[in-house]
Asks: 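I have a structure I would like to understand better, so I am pasting it below and will then ask my questions one at a time.
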Protein chains: 2
Amino acid sequence: MLGTQAAERPPMPAPTPAPSALPAGSVRRRAGRPTAAILDQDGITTAALELISNKGYNGLTMAALARSLGVAPSALYNHVASKDDVLLLVEDHLAAMVDVSAFGSEPWDVAVRRWAWSYRDVFSEHTPLIPVIAVLPVANAPKTLAMYEAVTAGFRDAGFPEEKIISAIVALEAFVFGAAYDVTAPEDIFDAGSLAEQVPNFTAAVDRLAAEEHARPTDVAFNLGLEALITGFGALRK
Amino acid sequence: MLGTQAAERPPMPAPTPAPSALPAGSVRRRAGRPTAAILDQDGITTAALELISNKGYNGLTMAALARSLGVAPSALYNHVASKDDVLLLVEDHLAAMVDVSAFGSEPWDVAVRRWAWSYRDVFSEHTPLIPVIAVLPVANAPKTLAMYEAVTAGFRDAGFPEEKIISAIVALEAFVFGAAYDVTAPEDIFDAGSLAEQVPNFTAAVDRLAAEEHARPTDVAFNLGLEALITGFGALRK
DNA sequence: GTGATAAATGAATGCCATTCATTTATTGGT
DNA sequence: ACCAATAAATGAATGGCATTCATTTATCAC
């Protein structure tokens, strides 16, 4: 790890000191507005996603983001108000990747199933966004809003009583977000270790599930909960 | 803002400089092991909870924690390995406050209902813990483990097939954690603002729910989802 | 009694988001 | 065609943060 970083950024100054924030080979940009704008929100979003994909959310710093865009960190603040703002851009990009295509073409239960699995899969790779999303007004996230619109229309067309649609979506979303965290949990999360004797029922149940040898226990739990929600909510339709 | 801070902490040194890490009035402790230990995990947990209660999770820093305990920040590391370790202590303390008393005395569905509401209520005040909990092996959290034991026993006694117990609890927990975030969301989170016209179904559904004038819409959604899960899971019992 | 260990201080370290003064280029109004 | 306002960049701070380390002092086990 440290060795790799050192290779990228030699601690000693190179003969011709490499400009610290520019792609290799380019000349250091002088201060002042450049002829053509370098940054925009789309580019920042793309670079952020690339960084997250390569280095994870720990690697997503304003400095690293600036560096990958060949720009000084402070330049980012001409286009976003804060790091949370960057996270919002990323979130909205991801929302567009959630599959809502089945609403309008497939039966309601099939559509909900496809949407929820897709939603969970997308955000299980991006759980650090969840605390941000959960509290963020949708007004600033057009693609997220578009997702809600598609889902809402699907519920309405399926005969859902209108006053219950938002509550049902909120409940499903809560389940999806919680389940997204579960995907990231280590396999041995339920290993009670030295305390196992003190929690015999729990230990037995954990062992009994392990004996089933499911490829992904987290998927079993998600399926169980999702089917219960679909069945329960399906009964509300007129 | 700046003026207020300056008033609390004058930039110029006071005549008798106040010791920075000690409760008012006490003498600065000299270096070296004190006769009686000042810190232990219980004290750290209590101080952390107090700090969170007064200043929120933003106010919970290792420096602030040390200060409230009358100790240098580095002293904390003789008792916890990291800040995440402090969060784990807090989490385990809270787990003990979750109401599992109905398991063993009340019918299964009543017990699940009481547990889930209580669980959500406790952690909705502590959502920053959720990312930590979700990934943390239970072996290091005895009170959390005790909660799982009580719930597992309740499910088993209710005739739940043993291989499904953990999956059902995991699903319920996912829903609880997601719903805990929802509690903290601002009221106008679903206000589409200027984009309202582009999402007519969504806007209509939001308005229709608002017209119901529920005291806490988040509770309506939680109730809806929880009852669906209870009904769905209840059918699995032998 | 003595060596190992435990628990404190205090001084660093390095990383981080963010701000600000400054420079340069574009744009819109007259 | 000018000129003021604005936009977009640099580069140098700033302050906060968790964590580490050398050092000091006290207790505990043998």
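Below, read A as the first sequence line, B as the second, and so on, with proteins coming before strands; counting in each chain starts at 1.
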Asks: For the pair B/Tyr181 and A/Tyr181, name the ring-plane relationship: parallel under 30°, tilted 30 to 60°, perpendicular over 60°.
Replies: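 Geometry flag for A/Tyr181 against B/Tyr181: parallel rings.
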Asks: Consider the side chain of A/Ala72, meaning its heavy atoms from C-beta on, and name the nucleotide among C/dT19, D/dG11, D/dA18 that approaches it most closely.
Replies: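 Nearest to the side-chain atoms of A/Ala72, counting from C-beta on, is D/dG11.
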Asks: At under 4.0 Å, does any side-chain N or O of A/Arg29 touch on OP1 or OP2 of D/dA9?
Replies: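 Answer no for this pair, as no side-chain N or O of A/Arg29 is under 4.0 Å from OP1 or OP2.
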Asks: Reckon A/His79 has a side-chain N or O less than 4.0 Å from the OP1 or OP2 of D/dA7?
Replies: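 Looking at the OP1 and OP2 atoms of D/dA7, neither is under 4.0 Å from any side-chain N or O of A/His79.
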Asks: Give the rounded distance in Å between these two atoms: CG of A/Leu65 and P of D/dA9.
Replies: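 It works out to 13 Å between those atoms.
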Asks: Specify the separation, in whole Å, of atom OH of A/Tyr57 and atom C1' of C/dC15.
Replies: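 Spelled out: OH on A/Tyr57 to C1' on C/dC15 is 20 Å.
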Asks: B/Ser74 near the nucleic acid: base, sugar-phosphate alone, or nothing, with a heavy-atom cut-off under 4.0 Å?
Replies: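 Contact class for B/Ser74: base.
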Asks: Where each residue is assigned the nucleotide of DNA chain C containing its nearest heavy atom, which of A/Ala64 and B/Ala75 is assigned the position nearer the 5′ end?
Replies: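 In this pair, the answer is B/Ala75.
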Asks: Ignoring the backbone of B/Tyr77, work out which of C/dA17, C/dA8, D/dA18 is nearest its side chain.
Replies: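 Shortest atom-to-atom distance from the side chain points to D/dA18.
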Asks: Between A/Phe175 and B/Phe175, does the ring centre distance come in under 6.0 Å?
Replies: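 Centroid separation for A/Phe175 and B/Phe175: 6.0 Å or greater.
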Asks: Can you see whether B/Ser68 engages B/Glu50 through a side-chain donor-acceptor pair at a distance of less than 3.5 angstrom?
Replies: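 No, no side-chain donor-acceptor contact under 3.5 Å.
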Asks: Between the base of C/dA8 and the side chain of B/Asn78, is there a donor-acceptor distance below 3.5 Å?
Replies: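 For B/Asn78, whose side chain was compared with the base of C/dA8, there is a donor-acceptor pair (under 3.5 Å).
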Asks: For A/Asp85 and C/dA17, give me the distance from atom CG to atom P, rounded to whole Å.
Replies: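 For the pair A/Asp85 CG and C/dA17 P, the rounded distance is 14 Å.
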Asks: Decide whether A/Tyr148 and A/Glu173 meet the rule of one side-chain donor and one side-chain acceptor closer than 3.5 Å.
Replies: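 Looking only at side-chain atoms, A/Glu173 and A/Tyr148 do form a donor-acceptor pair, the distance falling under 3.5 Å.
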Asks: Rounded to whole angstroms, how far apart are CG on B/Leu39 and P on C/dT9?
Replies: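 Atom-to-atom, B/Leu39 to C/dT9, this comes out as 8 Å.
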